[in-house]
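Sequential numbering from 1 along the given sequence is applied to the chain's residues.
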Amino acid sequence: MFTLNKKYFYFTVILFSIEVFIAIFVNESFIRPFIGDVLVVILIYCFVKTFLKIHSSIVISAVLAFSCTIEILQYFNFVKILGLQKYKIMAIALGSTFDGKDIIAYTIGAITVLLWENQTNRKVKD
């Protein structure tokens, strides 16, 4: 079950680097909020797959559920309720503003992973 998958590790490092780049240097209304959210689901997926050998559909379902749960908790201001607003990195990572478009972005990220994994598995079988 535990493993170190180099392919997913490399994807994790690349996606994390892209996310940091977007967070630091991109300040506009589509790439940062929407593409960043699409990529974060793929990033979390790759991170989990780096260390755990679990079927892709289970991992991406769990990542999507986790992402949507965090987004829904934002609606209820859970960062403020837990007193985490003074910890800037935690507040940024968890978010503080609910946006239904984020759930759409997370779903697009999950679908991208599923399509990519299905395509990769199909090529391996051929």
(request) Grab the two heavy atoms, one from L4 and one from F51, that are nearest each other, plus how far apart they are. (result) CD1-CE2, 4.0 Å
(message) Does any part of the side chain of M90, heavy atoms only, come nearer than 4.5 Å to the side chain of V79, both counted from C-beta?
(response) no
(request) For atom CD1 of I89, decide whether the heavy atoms of other residues, nucleotides or ligands shown that lie under 6.0 angstrom number more than 12. (result) no
(request) Could you note down all residue pairs passing side-chain hydrogen bond (donor to acceptor under 3.5 Å, both in side chains) where residues 85-113 supplies at least one of them, sequence neighbours left out? (result) E71-Y106
(message) Would you say OH of Y8 has more than 12 non-hydrogen atoms from neighbouring residues, nucleotides or ligands within 6.0 angstrom?
(response) yes
(message) Under the rule for ring-ring contact (aromatic ring centres under 6.0 Å, His included), what residues qualify as partners of F21, not counting sequence neighbours?
(response) F25
(message) Quick check: is F9 connected to I54 through a chain of hydrophobic side chains (ILVMFWY, heavy atoms under 4.5 Å apart)?
(response) no
(message) So, taking the atom named CG in N77 and the one named CZ in F98, what distance separates them when rounded to the nearest 0.5 Å?
(response) 12.5 Å
(message) Could you measure the distance from the NZ atom of K6 to the OG1 atom of T3? Nearest 0.5 Å is fine.
(response) 10.5 Å
(message) As an exercise, state the distance from OG of S61 to OH of Y45, rounded to the nearest 0.5 Å.
(response) 10.5 Å
(request) Taking all non-hydrogen atoms of both residues into account, name the closest pair between L84 and A91 and its distance. (result) O-CB, 4.0 Å
(message) Tell me if the aromatic rings of W116 and F11 count as close, with their centers under 6.0 Å from one another.
(response) yes
(message) Same cluster or not: V13 versus V20, using hydrophobic residues (I, L, V, M, F, W, Y) connected whenever any side-chain heavy atoms lie under 4.5 Å apart?
(response) no
(message) What I'd like to find out is whether the side chain of V113 reaches to under 4.5 Å of the side chain of S56, using heavy atoms alone.
(response) no
(request) May I ask you to test the I60-L114 pair for a side-chain heavy-atom distance under 4.5 Å? (result) yes
(request) Report whether F47 and I92 are members of the same hydrophobic cluster (ILVMFWY, side-chain heavy atoms less than 4.5 Å apart, transitive linking). (result) no
Throw together a table of side-chain donor-acceptor distances under 3.5 angstrom for residues 28-44, partners on residues two or more places apart or in other chains.
{"residue": "E28", "atom": "OE1", "partner": "F30", "partner atom": "N", "Å": "2.9"}
{"residue": "E28", "atom": "OE1", "partner": "I31", "partner atom": "N", "Å": "3.3"}
{"residue": "E28", "atom": "OE2", "partner": "F30", "partner atom": "N", "Å": "3.2"}
{"residue": "E28", "atom": "OE2", "partner": "I31", "partner atom": "N", "Å": "2.5"}
{"residue": "E28", "atom": "OE2", "partner": "R32", "partner atom": "N", "Å": "3.1"}
{"residue": "R32", "atom": "NH1", "partner": "A23", "partner atom": "O", "Å": "3.3"}
{"residue": "R32", "atom": "NH1", "partner": "V26", "partner atom": "O", "Å": "3.4"}
{"residue": "R32", "atom": "NH2", "partner": "A23", "partner atom": "O", "Å": "3.3"}

(message) Quick check for you: to the nearest 0.5 Å, what is the distance between I58 atom CD1 and L52 atom CG?
(response) 11.5 Å
(request) Could you pull out the closest heavy-atom pair between F78 and I70, with the gap in Å? (result) CE2-O, 3.9 Å
(message) For the NZ atom of K49 and the OG1 atom of T12, what is their distance to the nearest 0.5 Å?
(response) 11.5 Å
